[in-house]
Amino acid sequence: MRVVDTARRGEVTIRDLSKSFTLNGRRLDVLRGIDLDIHGGEAIAIVGPSGCGKTTLLRVLAGLEEPDRGDVLIDGAPVHGIGNQRAVIFQEPRLLPWLTVTQNVAFGLEVRGTPAAQAADRARHYIRLVGLAGFEEAFPRQLSGGMAQRVGIARALTVQPEILLLDEPLGALDAMTKLTMQEELARIWREEGVTMILVTHDLEEAIFLADRVLVMSKDSTTPTRLIELDLPRPRDRSTPGFVALRRRLMAEFGLH
Amino acid sequence: MTLQMLDSPALATPPSRAFLARAGQGARKAAARYGLLLGFLILWQVGSTQGWLNATVFPPLHLIFAALWDGLASGALIDDIAISLQRSGLAFAAAVGLGIPLGLFMGQIRAVEQALDPILQFFRQTSALALYPVFILLLGLGEASKVFVIFWATLFPILLATIGGVKEVDRKLIEMARTYGAPRRTVFLRVVLPASIPSVFVGLRLSATTALLLLIAAEMIGANRGLGFQVMNAQYNFQIPLMFAAIFLLALLGLAANFTLVTLQRRLCRWAEAT
């Protein structure tokens, strides 16, 4: 285990990051020289229209894609590929249907070499944290969508990452479940003190959870913008500050 | 299940009545499931004894069971069962032993799968029975050619089902495992392998049926022992009850094989049934 300066834990620096794909013979510049500094323990939301590259950016940060140019530094050190400091929560829970809830949550730890009994112990702690106590021995197909997503979140937390990468984690849930889960995520982020990088297409979710919002755009003429959310926590959707920010963010997208 | 338990006033009724109710329910279930089969057997028996059916071609059931009993008691049919089980068992085991590992390997490596797929499709479409004379030329009329023709026919369903199972594993689950730093071996053992099991079992059940089919055909062509031989031989000698007894045993063998595989699948894939 490398000794990490606690003040810098979970710090992400993105330098001149570019990535393009070739689609039907046409070059598509998805990421164009992105620079961003994310502090340790910060919650940042990435929003933008479909096809703006927000998911690609997250996949590069996760190490699932290699950038064409530029660097990703975590706690000051450049990273390539997948690493133990990061855990990803996907839009789908991506649970292994043949494992129970406990076994699924312990999966990440076991893969990283933790003995099974110890992994299961830690898994049970995080199952309680996400509010699934009593469902330890259930199989994924016995769970509702929201419960399954909680299992996915618990699995990511169990490996105790410095950085949590969330790719539209609540996008597939119904409106009611989504609201509850947003509050759960805010609580978990506060309790765990992780850096949270959240891709979402829900502006309200971005304002509810993030310290700053990165607004990405599809066309190359508009640069990416960073919006500071100076709102007290816990956040309340009905306060004038919240409403004003939502209006401002919607204006960014030409919505009124 | 839970709802039924809540609805039935189990606590209010005395135990004896509850028992009777349960027994009645069990009988109804059995009647719904096996009633038609029972009706068919009764019709056969009555039809044969009353002369509605030609009793020489369809002898009454009690004669068939008497022939079966005689055969089993004298040990003649036991011998046939043993040799038939040995032939199909050896061939099936060899097909499983080669087909599953090869399928797991081929399903993972695209280049290998693509290179081998045309030849596999070609072999699969070539009827094993049509190739039986070739196998006889190569291996003689003894046990080897019989086992080999069954092996040949059972290999392809297992192989193709395993390849299909591996190829259809959800890429998203593999990606998930990779984000936790799982090396290839771990991804294979913990994601690809368990995800392919249901598909492998489809192949196994198909192969078990094919194994029995080819067994009978091979034994009819060039054997002097075995259940398939017994069916043919009894017909030549006009021992029709014995012929039906051998057919009955073959059906039983098929049912037993299927039952074993289904039970094994249930045990291995408990997760797929939980609701």
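So that the names make sense, note that chain A is the first sequence line, chain B the second, and so on, each numbered from 1.
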Tell me, with the steps shown, if B:R270 and A:W98 meet side-chain contact (heavy atoms from CB on, under 4.5 Å).
CA-CA 8 Å; B:R270 214 160 41 91; A:W98 48 88; over 6 Å; no

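Using a 4.5 Å cut-off between heavy atoms, A:A156 contacts chain B through both its backbone and its side chain. Using a 4.5 Å cut-off between heavy atoms, B:V191 contacts chain A through both its backbone and its side chain. For A:V88, the parts lying near chain B are the backbone and the side chain together; criterion is any non-hydrogen pair under 4.5 Å. At a 4.5 Å heavy-atom cutoff, the contact between A:L95 and chain B is made by backbone atoms alone.
Residues of residues 168-179 of chain B that come within less than 4.5 angstrom of chain A, heavy atom to heavy atom, are B:K172, B:L173, B:E175, B:M176, B:A177, B:R178, B:T179 in numerical order.
Environment of CZ in A:R112: crowded, with over 12 heavy atoms of neighbouring residues, nucleotides or ligands closer than 6.0 Å. More than 12 heavy-atom neighbours from other residues, nucleotides or ligands sit within 6.0 angstrom of CZ on A:R187. Other residues, nucleotides and ligands place no more than 12 heavy atoms under 6.0 Å from the NZ atom of B:K167. Counting non-hydrogen atoms of other residues, nucleotides and ligands closer than 6.0 Å to OH of B:Y34 gives a total of 12 or fewer. Applying the 6.0 Å contact sphere to CG of B:L36 captures no more than 12 heavy atoms from other residues, nucleotides or ligands.
Between B:W271 atom CH2 and A:L96 atom CG the span is 10.0 Å, to the nearest 0.5 Å.
The greatest number of non-hydrogen atom pairs below 4.5 Å with chain A, out of B:A182, B:P194, B:A195, is found for B:P194.
For B:Y180 against A:V111, the heavy-atom pair with the smallest separation is O-CG1, 3.4 Å.
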